[in-house]
Amino acid sequence: MEAILKAALTQIKDSSLVLEEDYSDKKRFEKAIEMVLTPQKIIKGKVKVKGKNFQAYRVEHNDARGPFKGGIRFHHQASLDEAQALATLMSLKCAVAGIPYGGGKGIVIVDPAKLSQEELKILSQEYARLITPFIGPWRDVPAPDVNTDGQIMAWMLETYEKETGQQAPATFTGKPIELGGSQGRTEATGQGGVYVLEAYIKAKGIRKNGVTIAIQGFGNVGFYFAKIASAAGYKVVAVSDSSGGIYDKKGLNIDKLSTSKEKYGNFSEVAKKEKRQFVTNEELLELPVTILVPAALENAINKENMEKISAEVVFEMANGPTDSEADHYLNEKGVDVLPDILCNSGGVTVSYFEWVQNLNGYYWTMEKVNEELKRTITKAFNDIDKIKTSKIISYRKAANYLALKRIIDAMMLRGRV
Ligand code: NAD
């Protein structure tokens with residue numbers, strides 16, 4: 001079993017120990033946990049592009065709370081274990097955010113960089129054809145993930161609608177605005193993370209103007225988190241990409257830095273050309289800041305560097321950026337680690353808003369999207385914070401507890417267990 005799947009299943013088993021005392025029928029509870037450890041369905045097939053076959057899957061994890069929801073990934077190193085792990089985490093993430101979905105994940109084992117645009121289109125259409133009998137607005141709602149985007153969702157939607165003979169834009173989210181995509185989806189994950197930050201400092205009584213932030217990663221998530229946090233009055237002192245980062249104790253101008261990065265290619269070049277203070281990615285993680293935001297890689301904080309982390313709080317904007325040993329160590333040290341299934345749930349929440357708008361045929365303004373996002377995320381944080389305080393457990397355990405409880409209660413109400 002691959003490490004990513006093992007870690008996802010271990011999280012569920014660990015949190016089930018806290019949850020167990022809420023259920024008097026232990027056998028029924030154990031059966032429910034076993035069901036959450038196993039996906040409901042795995043769709044398998046080959047996708048043919050100009051005579052070449054690529055292995056493809058769609059994992060549907062658990063739909064007790066609503067249709068399956070999750071991205072489609074095109075990657076040559078993707079695997080069924082990885083898809084199962086990510087589908088399981090999507091079930092937990094949707095439950096934590098309180099949005100009515102279960103988890104799903106699709107993968108095609110392919111290196112899209114080796115395909116022409118025409119081949120990529122065929123691959124997308126063939127994959128959509130493979131999963132058409134299993135997806136739909138009230139069944140399973142895919143979205144973009146690594147190496148897939150709005151254009152690919154548009155090709156897939158067209159294939160699905162041709163196959164089923166009906167308009168059904170709510171079958172896919174992450175679509176271009178012209179085809180029913182939502183305002184605010186591009187910024188949603190970073191924006192959601194900043195709403196978690198606002199709720200956290202309010203709960204802890206921390207003054208905003210004393211907070212410093214270091215962010216690893218300057219892609220979709222890291223960039224918008226940096227830009228929005230900085231506009232909200234937080235001092236972002238360091239950001240990085242894969243070449244390293246820029247550090248300034250006095251605070252960075254994110255828009256200016258973004259322009260410089262576009263001009264020179266990466267932060268290492270920006271540092272040289274503009275004579276800025278350069279930090280490696282290792283150094284960035286060790287900076288003495290209030291909040292460290294890993295927004296790039298899995299396992300960025302691990303047993304090799306955990307003792308050097310000086311931040312007071314970690315906000316997991318990437319998926320799985322803290323390994324289990326580091327997580328345990330930081331908890332013992334009293335560092336709050338705000339888990340990925342809460343911090344980066346803004347993305348899937350605005351995907352949910354896209355689905356709601358498609359089903360209604362009525363479209364929201366950016367203001368309305370952000371107002372609803374703030375309400376949803378703040379409630380998720382407050383629910384978790386209450387559990388953390390009453391049960392004296394970490395934010396991660398509290399989030400997993402809440403998610404599992406919501407899924408298991410839905411399964412029990414349906415009489416599945
Ligand atoms: P992205 O590809 O847009 O950006 C990734 C960033 O990480 C880039 O700035 C890249 O330079 C940097 N990076 C790559 N290798 C690095 C290294 N070795 N050291 C430091 N930085 C490095 O990706 P993204 O969409 O911003 O996603 C980032 C993370 O957030 C991923 O874990 C992803 O699964 C997660 N996530 C994304 C979304 C979303 O809506 N985009 C939603 C939920 C979770």
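Counting starts at 1 for both ligands and their atoms, following the listed order.
Short contacts between ligand 1 and R185, defined as distances under 4.0 Å to a heavy atom of the residue, involve ligand atoms 40 (O).
Ring geometry for F223 versus F218: interplanar angle over 60°, hence perpendicular rather than tilted (30 to 60°).
In terms of N/O distances under 3.5 Å, ligand 1 is approached by V221. Taking any N or O of F218, backbone or side chain, at least one lies under 3.5 Å from an N or O belonging to ligand 1. In terms of N/O distances under 3.5 Å, ligand 1 is not approached by K93. Inclusion of N344 in the set of residues having an N or O under 3.5 Å from an N or O of ligand 1 is not warranted. Polar contact with ligand 1: absent for R73 (N/O pair, distance under 3.5 Å).
For the residue pair T173 and S351, a side-chain donor N or O sits within less than 3.5 Å of a side-chain acceptor on the partner. In this structure, a donor-acceptor pair under 3.5 Å is absent between the side chains of D385 and Y200. Looking at T365 and Q183, their side chains never bring a donor and an acceptor atom within 3.5 Å of each other. Looking at K175 and N358, their side chains do bring a donor and an acceptor atom within 3.5 Å of each other.
Not a single heavy atom of M90 sits under 4.0 Å from any atom of ligand 1. At a 4.0 Å cut-off, at least one heavy atom of A296 sits close enough to ligand 1 to count as contact.
Between R185 and E354, no side-chain nitrogen of the basic residue sits less than 4.0 Å from a carboxylate oxygen of the acidic one, so the salt-bridge criterion is not met.
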Inset, instruction - Evaluate the ring pair (Phe, Tyr, Trp, His ring centres under 6.0 Å) criterion for residues F278 and F267: first the C-alpha distance (whole Å), next the side-chain angles of each, then the deciding distance (0.1 Å), finally the verdict. - result: CA-CA 8 Å; F278 178 76; F267 285 134; 9.3 Å; no
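You'll find the side chain of D336 reaches within 4.5 Å of the side chain of Y395, heavy atoms only.
Figure legend: cation-pi geometry between K44 and Y57 absent, as NZ or CZ is not positioned both under 6.0 Å from the six-membered ring centre and within 45° of its axis.
Counting only residues at least two apart or in different chains, side chain to side chain donor-acceptor pair (under 3.5 Å) contacts with residues 312-329 comprise K93-N319, E316-T322, E316-R396, N319-N344, D327-R396.
Here the shortest heavy-atom distance to atom 28 (C) of ligand 1, taken over G219, A295, P144, belongs to A295. Counting only non-hydrogen atoms, the option in N266, L86, L297, L89 that gets closest to atom 17 (C) of ligand 1 is L297. Which of S242, G245, G217, G320 comes nearest to atom 14 (C) of ligand 1 through a heavy atom is settled by distance: it is S242. When N319, V350, T280, L284 are checked for heavy-atom proximity to atom 34 (O) of ligand 1, N319 turns out nearest.
For atom 23 (O) of ligand 1, the nearest protein heavy atom is 4.0 Å or more away. Contact annotation for atom 2 (O) of ligand 1: protein absent (non-hydrogen atoms, distance under 4.0 Å).
Contacts between E298 and ligand 1 below 4.0 angstrom, taking non-hydrogen atoms only, are absent altogether.
Looking from atom 25 (O) of ligand 1 to the surrounding protein, the closest heavy atom is N220 CB, 3.7 Å. Scanning the protein heavy atoms around atom 20 (C) of ligand 1, the nearest turns out to be N281 ND2, 3.1 Å. Among protein heavy atoms, the minimum distance from atom 40 (O) of ligand 1 is reached at T189 OG1, 2.7 Å. Atom 29 (C) of ligand 1 has its closest protein heavy atom at A318 CA, 3.7 Å.
More than 12 heavy atoms of other residues, nucleotides or ligands sit less than 6.0 Å from atom CG of L17.
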Please list, one pair per line, the donor and acceptor atoms closer than 3.5 Å that link side chains of residues 81-88 to other protein atoms, with sequence neighbours excluded.
| from | atom 1 | to | atom 2 | distance (Å) |
| --- | --- | --- | --- | --- |
| D81 | OD2 | E2 | N | 2.8 |
| E82 | OE2 | R73 | NH1 | 3.3 |
| T88 | OG1 | Q84 | O | 2.6 |

